[in-house]
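Side-chain atoms are counted along with the backbone in the values below, which use heavy atoms only and exclude waters and symmetry mates.
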Amino acid sequence: MRWRYLIAVLLGLLMIGVTAVTTTALPQDTPGISAEITPQIAGKVALTYVEWISKNIPPV
């Protein structure tokens, strides 16, 4: 019975420690990474995808 209590306490401390480390390890001041795509590039990508679908996926 004493071992169960000890294991439960150790697991609880481990979970608290992991949570504390992961939240402090993330950068707080840096903005998220964002990439802007122009409408022309988006149109080319969409057209390429539509062409690929029409060639490679059979009609249902």
Side-chain angles (χ1 to χ4, degrees):
M1 186 71 155
R2 187 174 179 195
W3 288 106
R4 286 185 181 178
Y5 177 74
L6 181 62
I7 290 174
V9 169
L10 290 176
L11 284 175
L13 290 174
L14 178 67
M15 291 171 60
I16 291 170
V18 168
T19 304
V21 169
T22 55
T23 55
T24 57
L26 297 174
Q28 301 295 327
D29 297 335
T30 57
I33 298 173
S34 66
E36 294 185 20
I37 299 175
T38 64
Q40 293 81 14
I41 298 290
K44 287 180 184 179
V45 170
L47 182 60
T48 303
Y49 187 66
V50 169
E51 289 174 354
W52 184 88
I53 288 174
S54 67
K55 292 177 186 175
N56 296 306
I57 297 180
V60 195

Looking at residues at least two apart in the chain, or sitting in another chain, which of them share a side-chain contact (heavy atoms from CB on, under 4.5 Å) with [X]?
{"X": "Val9", "result": "Tyr5, Leu13"}
{"X": "Ile37", "result": "Ile41, Ala42"}
{"X": "Leu47", "result": "Glu51"}

### Query
side chain to side chain contact (heavy atoms under 4.5 Å, CB included) with Trp52: which of Asn56, Val50, Thr48?
Asn56

